[in-house]
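Step one of this worksheet: look at the structure below.
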Amino acid sequence: MKKYIFTLLMAAMSTMAVAQNCEIQLMVAPVEQGEEVTDGFNEMLMTRLTNVLTQKGIVADPSYNQFFITGKFTHFYKETLPGPPMQTAMHSMLTLYIGDAVNQQVYATESFEVRGVGNSLERALLNAMTQLNGKNQKVEALIEKGKKKILNYYDNNYPTLLKKAQSAAALNEYGEALYYLVAIPECCKGYAEAYS
């Protein structure tokens, strides 16, 4: 009896470890920007989001994917501070979203008040983004909530993905079939069936 309970506990612990380390993919989409946010800064912000996702075990991909992370700046203010050297101060609200592009649903959202000061607007924006890192509890909560919803999507929809893969394979569209199969994360219910 003790062996049976020990085996169940070990299996449960390994399942939990797999679930925690389960790799999913998110497309990092450009942040919707106001007139003050330059393309160069947007690129840097996308790089920062990619780094944060990678730290959290998520494959961040700039190419198209059903699931994405993006954001939007609102209430953007800037002010020039006098004195040598002249400084620019900025204050904005950045809202990040994790969502499903195919089904047009938002899975998780979190807002961040961002403030920065620098010798240019670009530098002030960069200084403001230092709080967006993997150790920020709001960022962690956003990623975990989004990840949980994405895994739930795959757990509920893997039969449909398997049928789409079978249909594509029947039409000799092997690339498309493979796309549907490899989309299912290892820790989801349909993974074993996809690779059998």
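With rounding to the nearest 0.5 angstrom, the CZ atom of R48 is 14.0 Å from the CD atom of E43. Interatomic distance, NZ of K189 versus CG of N152, reported as 8.0 Å (0.5 Å rounding). Between D155 atom CG and Y191 atom OH the span is 14.5 Å, to the nearest 0.5 Å. Residue M129 holds its CE atom at 8.5 Å from CG of L126, rounded to the nearest 0.5 Å. The distance from atom CD of Q131 to atom CG of N136, rounded to the nearest 0.5 Å, is 6.5 Å.
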### Task
Assess whether side-chain contact (heavy atoms from CB on, under 4.5 Å) is satisfied between L142 and K138, documenting all intermediate values.
CA-CA 6 Å; L142 171 77; K138 288 174 79 172; over 6 Å; no
### Task
Please lay out, stage by stage, how N65 and L26 fare under the test side-chain contact (heavy atoms from CB on, under 4.5 Å).
CA-CA 7 Å; N65 192 302; L26 275 180; over 6 Å; no
### Residue pair K147, I24: steps toward the side-chain contact (heavy atoms from CB on, under 4.5 Å) verdict
CA-CA 8 Å; K147 187 174 180 177; I24 61 170; 3.6 Å; yes
### Task
Please step through side-chain contact (heavy atoms from CB on, under 4.5 Å) for the pair Y179 and L161, ending with a clear verdict.
CA-CA 9 Å; Y179 170 81; L161 295 172; over 6 Å; no
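Connection of L132 to I143 is established within a shared hydrophobic cluster, with ILVMFWY side chains joined at heavy-atom distances below 4.5 Å, either directly or through further cluster members. Taking hydrophobic clusters as Ile, Leu, Val, Met, Phe, Trp and Tyr residues chained together by side-chain heavy-atom distances below 4.5 Å, L121 does not share a cluster with Y77. In terms of hydrophobic clustering, with Ile, Leu, Val, Met, Phe, Trp and Tyr side chains grouped at heavy-atom distances under 4.5 Å, L151 and I69 are assigned to a common cluster. Residues F112 and Y97 are members of separate hydrophobic clusters, defined by side-chain heavy-atom contacts under 4.5 angstrom among Ile, Leu, Val, Met, Phe, Trp and Tyr. Linking Ile, Leu, Val, Met, Phe, Trp and Tyr residues whenever their side-chain heavy atoms come within less than 4.5 Å places M44 and V139 in a single cluster.
The two residues N133 and K135 come nearest to each other via the heavy atoms OD1-N, 2.9 Å. The nearest pair of heavy atoms linking A165 to A177 is O-CB, 3.3 Å. Taking both residues in full, the closest heavy atoms of G116 and A128 are given as N-CB, 3.8 Å, listed atom of the first, atom of the second, then distance. Residue V28 comes nearest to A60 through the heavy atom pair CG2-CB, 3.9 Å, listed as atom of the first residue, atom of the second, then distance. In this structure, G146 and A108 approach most closely via the heavy-atom pair N-CB, 3.8 Å.
When only modelled atom types and interatomic distance are considered, D100 and N103 share a side-chain donor-acceptor pair under 3.5 Å.
In this structure the side chain of L162 reaches within 4.5 angstrom of the side chain of L181, judged on heavy atoms. Put simply, the side chain of V106 does not reach to within 4.5 Å of the side chain of I98, judged on heavy atoms. Proximity of F73 to L45: side-chain heavy atoms (C-beta onward) are separated by under 4.5 Å at one or more points. For the pair L96 and T70, the minimum side-chain heavy-atom distance is 4.5 Å or more. L53 is not listed as a side-chain neighbour of V59, based on a closest heavy-atom distance of 4.5 Å or more. The shortest distance between side-chain heavy atoms of M46 and P30 falls below 4.5 Å. Side chains of V31 and L94 form a contact here, defined as non-hydrogen atoms less than 4.5 Å apart. By the 4.5 Å heavy-atom criterion applied to side chains, Q66 and Y153 are counted as neighbours.
When ring centroids are compared, F67 and Y154 come within the 6.0 Å threshold.
For the side chain to side chain contact (heavy atoms under 4.5 Å, CB included) test, residues two or more places apart in sequence or in another chain that qualify with L178 are V182.
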Pairs under 3.5 angstrom only: tabulate donor-acceptor contacts from the side chains of residues 82-93 to other protein residues two or more places apart or in another chain.
unit_1: H91; atom_1: NE2; unit_2: E113; atom_2: OE2; d: 2.7
unit_1: S92; atom_1: OG; unit_2: T74; atom_2: O; d: 3.0

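Because its NZ or CZ atom is not both nearer than 6.0 Å to the ring centre of Y107 and within 45° of the ring axis, K145 does not count as a cation-pi partner of that residue.
Around the NZ atom of K148, the shell of radius 6.0 Å holds no more than 12 heavy atoms that belong to other residues, nucleotides or ligands.
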